[in-house]
There are 2 protein chains.
Amino acid sequence: MPDQEGHPDEDEMTLGSLLQALADPLRRSVIRALAAEPDGTERHCTSFGLTVSKATRTHHFRVLREAGLIRQVDRGNSRMAQLRRAEIERRFPGLLALVLNERQPAAGVTAE
Amino acid sequence: MPDQEGHPDEDEMTLGSLLQALADPLRRSVIRALAAEPDGTERHCTSFGLTVSKATRTHHFRVLREAGLIRQVDRGNSRMAQLRRAEIERRFPGLLALVLNERQPAAGVTAE
DNA sequence: ATCAAGGTACGCTTTACATCATACCTTCAA
DNA sequence: TTGAAGGTATGATGTAAAGCGTACCTTGAT
């Protein structure tokens with residue numbers, strides 16, 4: 001599996017890129033879904049029900065990864081996504097809570 | 001002074017538009033400057049030292065206003081900006097703190 | 001009444017981004 | 001080893017957003 005760069009260290013995360021990544025409702029829904037799981041949970045990238053093409057999905061997960069929100073781990077054939085909860089919380093306390101408390105039905109995700 | 005629409009109510013603020021508004025470093029700097037002042041402070045739109053044209057400045061303040069971050073008040077010839085601190089805090093607790101705590105390199109100055 | 005100053009609106013350019021289709025690479029299972 | 005499945009890279013497209021200049025409208029001076 002090619003190209004796995006772009007996992008910034010905790011102190012390399014910038015508020016700008018985090019906010020930019022979270023400005024997209026699709027990406028927020030991914031983070032919300034991940035955060036709803038127990039800490040350390042790995043989820044298959046296709047398991048979020050995003051109604052976009054493969055290429056677009058790759059794009060969004062790349063943005064999340066490069067912002068530092070998720071960690072992507074290769075598991076044989078697939079690449080799993082994991083929320084970098086503790087690091088995000090240390091670096092920008094309260095940021096995740098904001099996304100979690102959003103009372104907004106997911107956009108772009110399979111409808112309600 | 002024309003067009004003063006777009007002051008959403010507190011419960012009309014959406015996380016999406018707030019994040020989008022705050023994704024821009026210029027707009028974050030305005031919010032940071034406002035938040036550094038005592039609550040209720042009104043500041044002249046030109047007092048932030050933004051290095052953009054008048055038209056662009058108007059644009060950014062409009063985004064901030066329509067997201068619900070600031071309130072714009074006409075004072076004779078000028079239009080003053082005021083942070084909607086309490087409302088933002090009630091609606092999305094912790095959001096402002098995130099912006100405030102951002103360690104921001106000076107604009108136009110490289111390196112630390 | 002006139003005019004400079006503060007803001008906005010409009011039109012335009014340029015850049016960034018979300019999206020897709022296609023082609024390709026890797027892994028695992030027939 | 002052949003092929004299906006999961007991901008990525010690339011290139012193209014449409015749209016949104018940032019930026020500017022200019023023209024115009026207020027307001028408060030002169």
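These numbers come from a predicted model, not from an experiment. Throughout, protein chains are lettered first and strands after them, A, B, ... in sequence-line order, and every chain is numbered starting at 1.
Atom CG in B:Asp74 sits roughly 10 Å away from atom P in D:dG28 (whole-Å rounding). Between A:Leu19 atom CG and C:dC17 atom P the separation is 14 Å, expressed in whole Å. Nucleotide D:dG6 holds its C1' atom 17 Å from the CZ atom of A:Arg43, rounded to whole Å. The distance between atom CE of B:Met80 and atom C1' of C:dG7, rounded to the nearest whole Å, is 14 Å. Nucleotide C:dA16 holds its P atom 18 Å from the CG atom of A:Asp24, rounded to whole Å. Per the geometry, CG belonging to A:Asn77 stands 10 Å off C1' belonging to C:dA29, to the nearest Å. Between the CG atom of B:Leu26 and the C1' atom of D:dC20 there is a distance of 14 Å, rounded to whole Å. Following rounding to the nearest Å, A:His59 (NE2) and D:dT8 (C1') show an atom-to-atom distance of 13 Å.
B:Leu95 contributes atom CG, which lies 5.5 Å from atom CG of B:Leu22 (distance to the nearest 0.5 angstrom). If you take CZ on A:Arg32 and CG on A:Leu83, they are separated by 12.5 Å, rounding to the nearest 0.5 Å. To the nearest 0.5 angstrom, A:Arg28 atom CZ is 12.0 Å from A:Leu100 atom CG.
Not one side-chain nitrogen or oxygen of A:Arg79 sits closer than 4.0 Å to the OP1 or OP2 atom of C:dT26. Residue B:His60 places at least one side-chain N or O under 4.0 Å from the OP1 or OP2 atom of D:dG19. An OP1 or OP2 oxygen of C:dG6 is reached within less than 4.0 angstrom by no side-chain nitrogen or oxygen of B:Arg57. Distances shown here put every side-chain N or O of B:Ser78 at or beyond 4.0 Å from the OP1 or OP2 atom of C:dG6.
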Worked check of side-chain contact (heavy atoms from CB on, under 4.5 Å) between A:Ser29 and A:Leu50: CA-CA 9 Å; A:Ser29 78; A:Leu50 305 183; 4.2 Å; yes
Derivation and outcome, salt bridge (Lys or Arg N to Asp or Glu O under 4.0 Å), residues B:Arg62 and B:Glu66: CA-CA 6 Å; B:Arg62 172 210 278 267; B:Glu66 295 185 341; 3.1 Å; yes
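A salt bridge does not link B:Glu87 with B:Arg91: every distance from a Lys NZ or Arg NE/NH1/NH2 to an Asp or Glu carboxylate oxygen is 4.0 Å or more.
Between A:Arg75 and A:Gln20, the residue anchored closer to the 5' end of DNA chain C is A:Gln20, taking for each the nucleotide with the nearest heavy atom.
B:Asp9 places no side-chain N or O within donor-acceptor distance of the main-chain N or O of B:Asp11, the cut-off being under 3.5 Å.
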Could you pull out the protein-nucleic contacts involving nucleotides 20-23 of chain C (nitrogen or oxygen on both sides, under 3.5 Å)?
unit_1	atom_1	unit_2	atom_2	d
C:dC20	OP2	A:Ser53	N	2.8
C:dC20	OP2	A:Ser53	OG	3.4
C:dC20	OP2	A:Thr56	OG1	3.0

